[in-house]
Each structure stands twice: as C-alpha cells, then as structure tokens.
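Inspection log for the structure reproduced underneath, given as structure tokens.
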2 protein chains.
Amino acid sequence: MAQPIQIALIDDDEAVLDSLSLYFASQKVASTGFSAAPQFLSALGQDKRFDCIVSDVRMPGMSGIDLVRELKSRNVDVPIVLITGHGDVDMAVAAIKVGAADFIEKPFDESRLLASVRAAIEETRQRENADEQKDLPARFASLTARQRQVMELAVSGLSNKEIGARLDISPKTVENHRAWVMERIGARNIAELVRLAMKYDRRS
Amino acid sequence: MAQPIQIALIDDDEAVLDSLSLYFASQKVASTGFSAAPQFLSALGQDKRFDCIVSDVRMPGMSGIDLVRELKSRNVDVPIVLITGHGDVDMAVAAIKVGAADFIEKPFDESRLLASVRAAIEETRQRENADEQKDLPARFASLTARQRQVMELAVSGLSNKEIGARLDISPKTVENHRAWVMERIGARNIAELVRLAMKYDRRS
DNA sequence: TAACACCTAGGTGAAATTACCCAAGTCGAT
DNA sequence: ATCGACTTGGGTAATTTCACCTAGGTGTTA
C-alpha cells in the first residue's frame with residue numbers, strides 16, 4: 001500500500017529545479033520538473049498523476065497563484081506547496097486563501113519543504129477518504145428500489161444487457177438507472193461502486 | 001440478498017406446464033414455461049437467466065437428456081431437474097450420469113419437486129462459491145509484480161490510459177496485463193475482480 | 001391542477017473495454 | 001544456446017460504458 005510519492009516541481013529557474021529534484025531523489029521521492037506551469041498542465045492532461053505540486057510563485061506567464069486557481073477551477077484535487085524568494089505577507093495570505101496547501105519563503109530548509117509536502121499529501125488523502133465514506137448509508141438509502149436492484153446486479157458483474165434481461169426492461173433503461181446510482185452514490189466507475197457497495201454491506 | 005428464484009419449465013404438455021407454473025406461483029417462485037427445449041435455449045441466448053430448469057424427459061425433438069448434454073457442452077451451469085411419466089431405471093441412471101441434478105418419476109408430490117429444485121439450486125450456489133474461492137491466495141500469488149501493480153490500479157478504478165500514464169507504459173500494454181490478470185484470477189469482469197481482490201485483501 | 005419524482009426508452013457520440021491476432025526484446029534456466 | 005516466461009506495444013473489430021439529450025406515462029403531493 002505504501003505507493004511511491006510522485007511530485008511535480010515547477011520553477012522557471014533550472015538551478016532550483018535541479019537542486020530540489022536532487023534532494024527529493026536523495027529522500028527516495030520521485031519528482032518531475034517543469035520549467036513553466038502550462039507544461040505541467042499539459043502533463044496533467046495526459047493523465048499523469050502527482051501526489052503534490054511544489055511550485056514557485058513568481059514565474060513569467062502563469063504565476064503559482066494562477067496555477068492554484070486554475071487547478072481549483074478544474075476540480076483537480078492535488079495539494080500545492082508554493083515557494084518564493086520574494087515572499088511577502090500579502091502574497092502568502094492570497095496564496096492560502098485560494099487554496100494553496102502551504103507557502104514557504106526562501107531560503108528554506110529542504111527538509112522543511114519535504115515535511116510540508118508530506119503533510120499536504122496526508123491531509124488530502126484523509127479528506128478524500130472522509131469524503132468517500134461520508135454518509136455512505138444515507139447515500140445507499142436514498143436509492144429507489146429499482147435503482148438498488150440494478151446496482152446489486154451491476155455490482156455482481158452483469159452487463160446492462162444482462163441486467164435488462166433479468167429485470168425485463170430495456171438495456172437503455174438499465175443504463176439510465178445505473179447513471180442515477182453512480183451519481184447518488186458518488187462513484188466514478190464500476191470499480192468504485194463495487195468497493196463502496198462492499199463496504200456498505202460489511203457495515204450494515 | 002434473498003433474490004427471487006426464477007425457474008424454467010419445459011414440457012410439451014401444456015397442461016403440465018400450466019399446473020406446475022400455478023403451483024410454483026402459489027409458492028412465490030417465479031417460473032417461465034417453454035413447450036420445447038429449443039425455445040428455452042433461445043431464451044437463454046437472449047441473456048435470460050434461470051436458477052433451475054425443470055424439464056420433461058420425453059419430448060418430440062430434443063429430449064430432456066439431450067438438453068442436459070447441450071447445456072453441459074455450452075458450459076451453462078444451471079441445475080436441471082428431470083421429470084417423466086414413463087420413468088425407468090436405465091433412463092434415470094443415464095440422466096444422472098450426464099449431469100442432471102435430479103430425476104423425478106410421475107406421479108410426484110409437487111412439494112417434492114420444489115424441494116428438489118431448492119436443493120439443486122443450493123448445491124449449485126455452493127459449488128460456484130467454492131470454485132470462486134478456491135486457491136484465491138494461490139491465484140493472486142501467481143501474478144507477476146507488474147500484473148499485480150496493474151491489477152491494484154485497475155481495482156482502484158483507473159482506466160487503462162490512466163494506469164499507463166502512472167506506470168509510464170502504453171495503454172495497450174496495460175490492456176494486455178489486465179487480460180492476463182483476469183485470466184489468472186478467473187474474473188470475468190472488473191466487478192468480479194474488485195470483489196475477489198477485496199476478499200483477498202481482507203483475508204491476508 | 002400543477003409540480004415533482006420515478007420508470008420507462010429512445011438517440012447521439014465519445015471513450016473504454018474485451019477478445020482476438022501479431023512481433024520484438026529481456027532474462028533466467030535447462 | 002535454445003526455450004519459456006514476461007514485458008512491451010501495435011492492429012482490428014465488436015461490444016460496452018458513459019455523458020449528454022428528449023420525452024411519455026404514472027403516481028404522489030402541495
């Protein structure tokens with residue numbers, strides 16, 4: 001379960017990028033460097049995943065704070081630790097307000113940065129876990145009889161066509177019920193639905 | 001969990017069909033009648049599912065024993081209870097040998113038939129459950145590191161593309177690993193894989 | 001009566017899965 | 001050094017899912 005941590009480093013200063021990635025590597029933490037925020041965003045678009053982002057605040061083009069805003073608006077839930085060489089209180093406040101995980105002023109101890117990164121990742125994980133579990137019974141209870149019926153068959157691995165044959169309704173209708181179930185339970189795919197359904201079963 | 005039982009009734013004698021379906025209905029057991037085996041088979045082809053088949057032995061065209069053989073050759077694992085008005089020992093032996101669940105001679109008590117059907121369903125369920133559980137640890141252990149890696153990500157709900165991005169391999173390769181995992185674990189779809197993986201996790 | 005929720009089912013279009021096929025490279029063992 | 005297992009990745013095609021949409025029928029409730 002102790003999957004490796006993958007960090008995105010964003011800084012227009014190559015020297016900082018190199019130095020930080022070297023440090024992270026020495027701490028057995030994988031990192032990928034980007035010299036600008038848009039480059040990082042394009043990596044995200046290619047389904048690359050990162051557990052945490054460490055970004056400079058002041059960069060030509062898109063600033064670190066802009067990046068935070070952009071990710072929030074995309075509903076990308078990756079913690080961002082901002083660092084700066086010209087830190088001031090106002091900027092720090094603005095950064096935290098828009099949702100940055102932390103704001104560190106240079107010069108800083110590298111171990112301080114790593115600690116902040118670790119804390120941010122842990123916090124995000126716990127929040128996601130809490131979100132997933134929250135009101136699980138209530139969410140299952142909110143399903144109608146038909147929806148629960150469809151869900152149980154879907155969770156047991158039947159296709160929409162097979163479920164339709166069993167319940168004697170069209171596969172299309174099954175599809176609709178299924179979509180409702182997904183939305184109400186808050187599952188993004190069948191795998192998640194199965195996990196949540198099994199958790200619920202075990203609890204009740 | 002006490003899902004309703006669905007029975008297929010096959011007999012060329014409409015009177016028998018009506019009488020039995022009436023009895024089953026009175027016992028809160030759903031049944032569908034077919035006047036010939038091929039009609040039943042075509043319903044199966046349309047993804048209809050039955051927990052048990054109750055079929056006459058002697059019918060024009062395909063006999064009850066023929067039906068048993070046909071289903072075995074198709075690997076359809078539904079128990080079949082055969083009934084006959086002209087039962088003889090040889091036929092009974094032949095029926096059981098090819099894999100019929102039971103063989104009942106007319107005249108019979110309807111409750112006797114239902115008991116036989118229930119027993120057959122129960123036996124099949126237990127066998128299927130045992131098959132599913134058998135050597136689960138061994139099957140998971142037989143996975144290579146890469147396959148287990150792919151499996152864990154797949155089970156957590158990631159698409160092949162996302163898994164590929166994480167492991168830095170092409171989605172196509174992920175697809176191949178996934179197919180191997182499915183075969184080795186013996187899961188027919190993601191839902192089953194998730195269930196088995198969760199069972200395994202809980203046990204270990 | 002009107003609003004609302006639910007079940008039903010169809011359409012479109014994009015994305016993903018599944019099931020096959022194939023080949024090339026690595027690596028360890030016989 | 002050939003064999004087998006594993007990893008990698010490409011192709012093709014069928015099927016399925018997913019995300020939208022519309023829309024009629026039913027039943028309940030304000």
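Excluded from the calculations below are hydrogen atoms, water molecules and symmetry mates; all remaining heavy atoms, backbone and side chain alike, are included. Below, chains carry the letters A, B, ... as their sequence lines are ordered, and counting in each starts from 1.
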Might you work through the salt bridge (Lys or Arg N to Asp or Glu O under 4.0 Å) test for Asp77(A) and Arg125(A), ending with a clear yes or no?
-> CA-CA 10 Å; Asp77(A) 195 17; Arg125(A) 284 197 182 149; over 6 Å; no
Checking salt bridge (Lys or Arg N to Asp or Glu O under 4.0 Å) for the pair Asp168(A)/Lys48(B): CA distance, chi angles, key distance, verdict?
-> CA-CA 9 Å; Asp168(A) 214 41; Lys48(B) 297 285 180 189; 2.9 Å; yes
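Note on ring orientation: taking the six-membered ring where Trp is involved, the planes of Phe34(B) and Phe40(B) are perpendicular (angle over 60°, cut-offs 30° and 60°).
Atom CE in Met182(A) sits about 13 Å away from atom P in dC20(D), given to the nearest Å. Taking atom CZ of Arg178(A) as the reference point, atom C1' of dT16(D) lies 9 Å away to the nearest angstrom. Per the geometry, CD belonging to Glu175(A) stands 12 Å off C1' belonging to dT15(D), to the nearest Å. Atoms NZ (Lys161(A)) and C1' (dA14(D)) sit 11 Å apart, rounded to a whole Å.
Under the 3.5 Å distance criterion, with hydrogens and angles disregarded, a donor-acceptor pair is assigned to the side chains of Asp66(A) and Ser63(A). At a cut-off of 3.5 Å, with distance as the only test, a side-chain donor of Arg184(B) or Gln147(B) sits close to an acceptor on the other residue.
With respect to the salt-bridge test (charged N to carboxylate O, under 4.0 angstrom), the residues Glu175(B) and Lys172(B) qualify. Between Glu70(A) and Arg74(A) a salt bridge is recorded (basic side-chain N to carboxylate O distance below 4.0 Å). Under a 4.0 Å N-O distance rule, the pair Asp102(A)/Arg112(A) qualifies as a salt bridge.
Nucleotides of DNA chain C that come within less than 4.0 Å of any heavy atom of chain A span, from the 5' end to the 3' end, dC6(C) to dT12(C).
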Filtered N/O pairs between nucleotides 5-9 of chain D and protein, under 3.5 Å:
residue: dC6(D); atom: OP1; partner: Arg184(B); partner atom: NH2; Å: 3.3
residue: dC6(D); atom: OP2; partner: Arg184(B); partner atom: NH2; Å: 2.9
residue: dT7(D); atom: OP1; partner: Thr144(B); partner atom: OG1; Å: 2.6
residue: dT7(D); atom: OP2; partner: Thr144(B); partner atom: OG1; Å: 3.0
residue: dT7(D); atom: OP2; partner: Gln147(B); partner atom: NE2; Å: 3.4
residue: dT8(D); atom: OP1; partner: Arg146(B); partner atom: NE; Å: 3.0
residue: dT8(D); atom: OP1; partner: Arg146(B); partner atom: NH2; Å: 2.7
residue: dT8(D); atom: OP2; partner: Arg146(B); partner atom: NE; Å: 3.1
residue: dT8(D); atom: OP2; partner: His177(B); partner atom: NE2; Å: 2.6
residue: dG9(D); atom: OP2; partner: Ser170(B); partner atom: N; Å: 2.7
residue: dG9(D); atom: OP2; partner: Thr173(B); partner atom: OG1; Å: 3.1
residue: dG9(D); atom: N7; partner: Asn176(B); partner atom: ND2; Å: 2.8

